[in-house]
Amino acid sequence: MSGTAQPRSSQYSFGKASRLLTARDYSRVFDGAEARASHKHVLLLAKQNDQPGHRLGLVVAKKNVRLAVQRNRVKRLAREMFRQADAEPPFMDVVLLARRGIDQLDNAELSSILRGQWRKLARRVSEADTSESRGR
RNA sequence: CGAGUCGGUCAGACGAUCGCUUCGCCCCGGCCUUGGCUGCGGCGGGGAGGAAAGUCCGGGCUCCAUAGGGCAGGGUGCCAGGUAACGCCUGGGGGGCGCGAGCCUACGGAAAGUGCAACAGAAAGGAUACCGCCUGGCCGCUCACGCGGUCCGGUAAGGGUGAAAUGGUGCGGUAAGAGCGCACCGCGCGGCUGGCAACAGGCGCGGCGAUGGUAAACCCCACUCGGAGCAAGACCAAAUAGGAAUCCAUACGCUGCGGCCCGCAGUGGAUUCGGGUAGGUCGCUACAGGCAGGCGGCGACGCCUGUCGCAGAUGAAUGGUCGUCCACGACAGAACCCGGCUUAUCGACCGACUCACUUC
RNA sequence: CGGGGCGUAGCGCAGUCUGGUAGCGCACCACACUGGGGGUGUGGUGGUCGUAGGUUCAAAUCCUGCCGUCCCGA
């Protein structure tokens with residue numbers, strides 16, 4: 001994995017352009033989610049955007065993860081997974097919600113779950129995209 | 001060497017690689033009139049804690065008047081000092097614990113007033129005679145000593161109740177007893193000596209039926225506290241515009257202002273309908289600052305000199321992966337800042353000291 | 001981040017200001033009425049008063065520290 005990582009900085013960056021920044025951005029995804037990937041510890045919602053790349057928003061509620069250290073850890077791992085994920089169209093805005101008990105997982109477990117859910121989500125979005133095109 | 005006390009320091013390390021954020025410099029581009037704003041990239045520097053936590057105190061800062069007077073209300077509570085301030089810290093005193101080094105301590109006033117004390121007990125606050133004990137009178141029994149009953153008194157030594165019963169111990173004294181008398185201790189009062197003081201020591205006096213407990217009960221005394229909080233507050237764009245209805249009012253009103261009155265400043269206000277916002281910039285980190293040395297002080301700390309620049313995010317940065325090593329890594333993440341307190345916590349190391357044992 | 005409230009029986013609540021006995025409703029158990037159930041009646045079981053200290057003779061109650069939970073403020 002990272003042992004074979006190459007310095008393609010453009011693909012592996014994670015700046016402000018790759019994040020959901022305002023409450024309006026979040027509301028757009030929540031109100032019009034086109035695809036979702038659900039797991040015991042995590043839920044992803046996605047909606048296609050008109051940006052030149054994916055964007056990520058994180059919701060890790062204090063109610064579900066009590067300690068600030070654990071909340072930070074979950075968010076960091078999620079960003080790291082997102083950063084290393086394939087950046088291929090269709091581009092989408094994704095909101096990741098953490099569920100109760102996610103702080104019990106260690107880094108390796110959590111990373112693999114996140115990657116799996118991300119692939120699932122990407123597949124569903126492209127399916128929705130093609131069926132939508134067919135429908136038209 | 002074992003057991004222990006006190007104070008302090010650290011918070012996995014190193015390397016590779018991919019990222020995030022901020023600052024500086026440079027290159028290119030855009031806006032723009034001589035300089036600034038902004039975008040991409042490169043190089044270099046900085047990037048969580050001892051508790052960042054709980055929000056229990058104290059300040060700074062901002063707005064309300066420059067935070068002013070009184071009432072009400074809150075806080076603190078042995079003494080002296082430190083400090084911007086404190087409920088913190090230091091030193092000292094009293095009390096308690098420990099063989100000791102040391103540790104703990106809401107520790108002002110109950111002879112200003114009010115209140116409270118269930119149950120038990122004779123009596124629970126300026127109270128009391130239930131059982132006892134004792135003198136005497138009368139009655140009964142008895143030869144008598146005496147015993148029993150009853151009555152008027154005396155008595156707080158003994159029993160019993162209670163969390164608590166009106167100083168304690170001893171000797172004398174007495175009908176039995178009692179601070180009734182004496183000694184010591186305790187308590188109170190008045191000088192004296194030492195100490196800034198809290199307080200300590202010693203002397204004299206008082207016989208102690210006066211002055212019990214509770215103030216984390218009301219309260220009294222002393223000192224102290226105005227209110228809100230960075231979602232404070234300021235600015236930019238937009239907006240509150242403009243509007244409709246009802247009610248109150250033309251000032252002893254209403255608002256700023258959290259309880260009231262005064263005072264100050266400002267001025268029409270309340271409710272409903274309708275309509276609209278929740279973007280950005282600043283505040284935002286350089287100070288009661290860290291480190292080193294010197295001087296003053298028992299110490300907390302203060303003064304002087306030199307030196308360092310040490311997070312500033314805003315869906316919210318300090319991380320991922322791999323390798324090596326070891327004691328295999330606890331509690332845990334800044335959100336305006338600082339001083340404390342409290343709570344959580346794997347361990348490692350340093351210094352001072354105490355006790356016990358052994359050896360020289 | 002800041003500002004508040006609440007923890008008492010299985011559940012919902014009183015009692016806390018003013019300290020001594022923890023009480024009410026539902027539920028539960030037993031018995032009676034009934035052929036049985038339901039219902040009604042009578043009696044009863046059940047509480048470390050969130051937790052750890054302190055004050056007091058005595059604490060659910062007063063004071064302090066923790067824990068949990070809920071609400072409010074853009």
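In this text, all values refer to a predicted model and were calculated from it rather than measured experimentally. Chain A is the first sequence line, chain B the second, and so forth, proteins listed ahead of strands; every chain is numbered from 1.
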Under the rule syn = chi within 90° of 0, otherwise anti, which is [N]?
| N | value |
| --- | --- |
| C86(B) | anti |
| C107(B) | anti |
| G7(C) | anti |
| A48(B) | syn |

Legend entry - Side-chain donor-acceptor pair present, Arg73(A), Asn107(A), cut-off under 3.5 Å: yes
Legend entry - Arg79(A) CZ to C18(B) P, straight-line distance once rounded to whole Å: 21 Å
Legend entry - Interatomic distance, Lys62(A) NZ vs C70(C) C1' [rounded to whole Å]: 15 Å
Write down the distance separating the [atom1] atoms in [N] and [M], rounded off to the nearest Å.
| N | M | atom1 | answer |
| --- | --- | --- | --- |
| C337(B) | A52(B) | C1' | 14 Å |
| C89(B) | A120(B) | P | 50 Å |
| A117(B) | G125(B) | C1' | 12 Å |
| G77(B) | G87(B) | P | 7 Å |
| G98(B) | C203(B) | P | 32 Å |
| A163(B) | G121(B) | P | 13 Å |

Inset, instruction - List for me each residue that meets side-chain hydrogen bond (donor to acceptor under 3.5 Å, both in side chains) alongside Asn72(A), sequence neighbours excluded, and say none if there are none. - result: none
Would you indicate what [X] reaches in the nucleic acid, counting non-hydrogen atoms under 4.0 angstrom: base, sugar-phosphate, or nothing?
| X | result |
| --- | --- |
| Leu58(A) | base |
| Arg66(A) | sugar-phosphate |
| Arg71(A) | nothing |

Of the options [options], whose atoms approach the side-chain atoms of [X] most closely?
| X | options | value |
| --- | --- | --- |
| Val69(A) | C1(C), G315(B), A332(B) | A332(B) |
| Arg19(A) | G333(B), A316(B), G320(B) | A316(B) |
| Arg83(A) | U21(B), C18(B), A334(B) | C18(B) |
| Tyr26(A) | G333(B), G315(B), G320(B) | G315(B) |

Inset, instruction - Any chance you could measure Leu105(A), atom CG, to His41(A), atom NE2, to the nearest 0.5 Å? - result: 4.5 Å
Inset, instruction - Write out all pairs satisfying ring pair (Phe, Tyr, Trp, His ring centres under 6.0 Å) with one or both partners inside residues 87-113 of chain A, taking only residues at least two apart or from two chains. - result: His54(A)-Phe91(A)
Inset, instruction - Kindly say if Asn72(A) contacts the phosphate of G319(B), meaning a side-chain N or O under 4.0 Å from OP1 or OP2. - result: no
Inset, instruction - Please determine if a side-chain N or O atom of Arg76(A) lies less than 4.0 Å away from the OP1 or OP2 oxygen of U21(B). - result: no
Legend entry - Counterpart residues, side chain to side chain contact (heavy atoms under 4.5 Å, CB included), relative to Ala37(A) (two or more places apart): Leu44(A), Gln117(A), Lys120(A), Leu121(A)
Legend entry - Dot-bracket pairing map - RNA chain C, Watson-Crick plus G-U, both contacts under 3.5 Å, | cross-strand: ((((((((.[[[[.)....(..]]]].((((((.....)))))).....[[[[[..)....]]]]]))))))).
Inset, instruction - For Phe82(A), check ring pair (Phe, Tyr, Trp, His ring centres under 6.0 Å) against everything at least two apart and list the hits. - result: Phe14(A), Trp118(A)
Identify every side-chain donor-acceptor pair in residues 96-103 of chain A under 3.5 Å, counting partners at least two apart or on other chains, and give the distances.
residue  : atom : partner  : partner atom : Å
Arg99(A) : NH1  : Ser38(A) : OG           : 3.1
Arg99(A) : NH1  : His39(A) : O            : 2.8

Inset, instruction - Using both distances under 3.5 Å as the test, list the Watson-Crick or G-U wobble partner of A244(B), or none. - result: U272(B)
Inset, instruction - Please report the shortest heavy-atom distance between Leu58(A) and Ala78(A), naming the atom on each side. - result: CD2-CB, 3.8 Å
Inset, instruction - Between Ala68(A) and Ala108(A), just flag the one whose closest nucleotide in RNA chain B comes earlier from the 5' side. - result: Ala108(A)
